[in-house]
Amino acid sequence: MEFFYGTFHTTGGESHPVEIKITLYHLELKTDHAQFNWNTDHLKAEELNGKIRIQHADGMYVECSQPGFKDKLIEFHPKTQLNPNAKYQFSSHI
């Protein structure tokens, strides 16, 4: 199991360190105070200033600049817009 570390941002503007696990259907997020399983159907991914930002439909987002994160994301979710060969995004919901 491979974990990545980044920053979780709430809709209220708070930020927390987060542990990120990428699975076939979810991003599993764990902070000191909460755990989330984000279904990839509700996510948007983009690369900004060397960081990968994964945004949930409700406005919360995760940022990660750890080496290998983008490659693992593309491996598990080849339709992400981070993949230069993809024709589709994670989701059309956002």
Crowded around Tyr25 OH? As in, over 12 foreign heavy atoms under 6.0 Å? no
Side chains of [X] and [Y], heavy atoms from C-beta outward: is any pair under 4.5 Å?
{"X": "Val62", "Y": "Thr7", "answer": "no"}
{"X": "Trp38", "Y": "Met60", "answer": "yes"}
{"X": "Cys64", "Y": "Ile20", "answer": "yes"}
{"X": "Ile22", "Y": "Phe69", "answer": "yes"}
{"X": "Thr23", "Y": "Asn37", "answer": "no"}
{"X": "Leu43", "Y": "His56", "answer": "yes"}

Any chance the rings of Phe8 and Phe36 have centres within less than 6.0 Å? yes
When clusters are formed by joining ILVMFWY residues with side-chain heavy atoms under 4.5 Å apart, either directly or through shared neighbours, do Ile54 and Leu24 land in the same one? yes
Shortest non-hydrogen contact from [X] to [Y]?
{"X": "Val18", "Y": "Thr31", "value": "CG2-CG2, 4.0 Å"}
{"X": "Gly50", "Y": "Ser65", "value": "O-CB, 3.7 Å"}
{"X": "Phe3", "Y": "Gln66", "value": "O-NE2, 4.2 Å"}

With no hydrogens and no angle check, do the side chains of His9 and Glu63 hold a donor and an acceptor under 3.5 Å apart? yes
Test of understanding: with side chain to side chain contact (heavy atoms under 4.5 Å, CB included), list the residues that count as partners of Asn49, not counting sequence neighbours. none
By salt bridge (charged side-chain N to carboxylate O under 4.0 Å, His left out), Glu47 pairs with (sequence neighbours left out) Lys70
[X] [atom1] to [Y] [atom2] distance, which is reported to the nearest 0.5 Å:
{"X": "Asn39", "Y": "Leu27", "atom1": "CG", "atom2": "CG", "answer": "9.5 Å"}
{"X": "Lys21", "Y": "Glu2", "atom1": "NZ", "atom2": "CD", "answer": "11.5 Å"}
{"X": "Leu29", "Y": "His16", "atom1": "CG", "atom2": "NE2", "answer": "12.5 Å"}

Applying ring pair (Phe, Tyr, Trp, His ring centres under 6.0 Å) to His26 and not counting sequence neighbours gives none
